[in-house]
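Comments concern the structure below.
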Protein chains: 2
Amino acid sequence: MTVEKHTTASIFETLRDRICLLDYPPGTVLREAELAKEFGISRTPIRAVLQRLEHGSLVTVRDGVGTIVTDLNKAELNDIYEMRLKMAELIGVLSPREITPDDEATAARLLKRAKRLVDAYSPSEYWQINHAQHALIADLIGNSVLREVWDQLYFRSARFWYQEASRAHVGVAQDLVAELSEVSRALRERDAMAVGYIQRNFIAFGFARLKAATNPDLPIS
Amino acid sequence: MTVEKHTTASIFETLRDRICLLDYPPGTVLREAELAKEFGISRTPIRAVLQRLEHGSLVTVRDGVGTIVTDLNKAELNDIYEMRLKMAELIGVLSPREITPDDEATAARLLKRAKRLVDAYSPSEYWQINHAQHALIADLIGNSVLREVWDQLYFRSARFWYQEASRAHVGVAQDLVAELSEVSRALRERDAMAVGYIQRNFIAFGFARLKAATNPDLPIS
DNA sequence: ATTCCTATAGATGTATACACCTTTTATTGA
DNA sequence: TCAATAAAAGGTGTATACATCTATAGGAAT
């Protein structure tokens with residue numbers, strides 16, 4: 001029986017994942033005292049974590065009220081996806097790092113897992129694969145600034161996509177198989193630019209799916 | 001005699017400007033207790049400000065040591081400028097807001113001030129104009145995410161450009177006049193895409209000047 | 001002389017009491 | 001009955017004492 005050691009970094013990731021996985025849906029009010037009690041520490045380090053989450057636009061801290069999980073209106077969601085499309089196009093342009101056999105192997109493993117997912121869907125497994133794919137591709141990005149932006153926008157839009165993934169299991173899983181198939185092929189060809197454009201396309205497909213499901217009148221551009 | 005009211009926002013801007021204007025050159029060690037004493041508050045809100053600066057990559061907080069103003073190696077500076085070029089190209093593409101006569105007037109005023117600067121250079125005046133131009137253009141950006149990235153990269157690279165501006169007064173002031181002339185023209189034409197490409201070009205010119213002055217072997221791309 | 005260890009000064013990290021802000025509820029007056 | 005107001009509850013913001021970490025200087029052993 002080991003006592004779990006909570007570092008501020010691990011608490012940050014825990015809360016971020018709870019927000020992304022809709023354990024804390026938009027509008028949820030988080031209280032510093034409650035979180036402090038849960039993790040067995042004082043409010044001080046909790047506040048530091050909440051400030052980091054606020055910088056990532058996942059929560060808003062309101063004096064005298066609490067820390068509120070942010071929601072996105074149509075315009076903001078549109079802005080985020082618009083930028084993600086453009087950032088994807090830059091992945092292959094801004095001197096990506098060399099692709100290795102390891103990358104190829106990682107993608108192949110993920111593809112196998114995704115294929116199993118089509119018949120036996122599990123939200124948890126879906127997100128593990130999705131996150132792993134994101135990490136793999138982010139690691140290819142050579143420009144450190146682009147990598148930061150890419151990463152932040154992923155987590156900023158993740159929960160709205162998760163909502164859709166929970167609704168349309170089959171189609172989403174099939175899309176993931178298609179995406180990972182293409183990514184695997186691109187990695188085999190050592191073609192980072194192809195990886196970027198594949199990302200761009202599937203982000204666009206995902207956004208279209210999101211708009212169709214939630215609000216048909218959402219402006220495209 | 002009014003007692004100055006220091007809010008965390010104003011302290012953030014103060015410290016950010018000190019870093020950008022090289023009052024705190026790279027490597028400077030900031031101590032929370034000293035800053036707290038200077039602003040007449042406790043360490044707690046100072047720590048919040050330093051965390052914000054750390055998130056903007058302007059400082060690094062090291063346990064037991066202090067808060068150190070970051071330096072940039074050639075690769076990082078290169079990454080930042082590479083991204084700024086690409087972000088500039090997006091200004092006119094991602095649904096900018098409508099240009100108004102006010103924008104035109106603001107640019108005209110800045111141009112006049114820049115012209116005076118050529119003969120009577122003042123670092124402080126240079127930076128006021130530069131910041132005002134930045135604010136004007138950032139405000140044209142329609143996509144909120146792009147605006148955030150644009151803003152952060154400006155402040156992240158500002159001090160290295162300031163170093164160069166302090167060295168080559170005349171040429172830099174002349175460049176500012178040229179830039180504001182073109183921006184004024186573009187605003188008159190209500191052409192946000194032109195504004196973006198003008199920014200792209202002058203960022204590229206500035207980067208070239210920087211590389212020539214500091215390290216001729218800095219890789220271009 | 002050099003290396004290693006230890007003590008110490010001084011920094012950030014954490015816990016906690018208190019101040020202030022926001023919201024809600026209850027009460028009082030018309 | 002309703003509106004205005006006050007008070008209370010419960011949240012974040014701040015100040016401060018203490019814990020812990022880091023770098024350095026000095027002394028002891030080799």
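Values below: every heavy atom of this structure, side chains too, minus hydrogens, waters and symmetry copies.
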Partner residues of A:Glu104 under the salt bridge (charged side-chain N to carboxylate O under 4.0 Å, His left out) criterion, sequence neighbours left out |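 Applying salt bridge (charged side-chain N to carboxylate O under 4.0 Å, His left out) to A:Glu104 gives A:Arg190.
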Using salt bridge (charged side-chain N to carboxylate O under 4.0 Å, His left out) as the criterion, list what pairs up with B:Asp139, not counting sequence neighbours.
-> B:Arg97
In whole Å, what is the span from the CD1 atom of A:Ile46 to the C1' atom of D:dG11?
->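 Computing the A:Ile46:CD1 to D:dG11:C1' distance gives 15 Å.
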Using whole Å, report how far CG of A:Leu30 lies from C1' of D:dG10.
-> 16 Å
Just distance, no hydrogens or angles: give the donor-acceptor pairs under 3.5 Å from side chains in residues 44-54 of chain A, sequence neighbours left out.
from    : atom 1 : to      : atom 2 : distance (Å)
A:Arg47 : NH1    : A:Glu32 : OE2    : 3.0
A:Glu54 : OE2    : A:Val61 : N      : 3.1

Pairs in or reaching into residues 128-138 of chain A: which pass salt bridge (Lys or Arg N to Asp or Glu O under 4.0 Å), with residues at least two apart or in two chains?
->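 Passing the test, one end in residues 128-138 of chain A: no pairs.
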Restricting both atoms to N or O, compile the protein contacts to nucleotides 13-20 of chain D shorter than 3.5 Å, with distance only.
from   : atom 1 : to      : atom 2 : distance (Å)
D:dG13 : OP2    : A:Arg47 : NH1    : 2.4
D:dG13 : OP2    : A:Arg47 : NH2    : 2.8
D:dG13 : N7     : A:Arg43 : NH2    : 3.1
D:dG13 : O6     : A:Arg43 : NH1    : 3.0
D:dA15 : OP2    : B:Ser42 : N      : 2.7
D:dA15 : OP2    : B:Ser42 : OG     : 2.6
D:dA15 : O5'    : B:Ser42 : OG     : 3.4
D:dA15 : N7     : B:Thr44 : OG1    : 2.6
D:dT16 : O4     : B:Thr44 : OG1    : 3.4

Quick one: list whatever passes side-chain contact (heavy atoms from CB on, under 4.5 Å) with A:Ser57, sequence neighbours left out.
-> A:Arg156
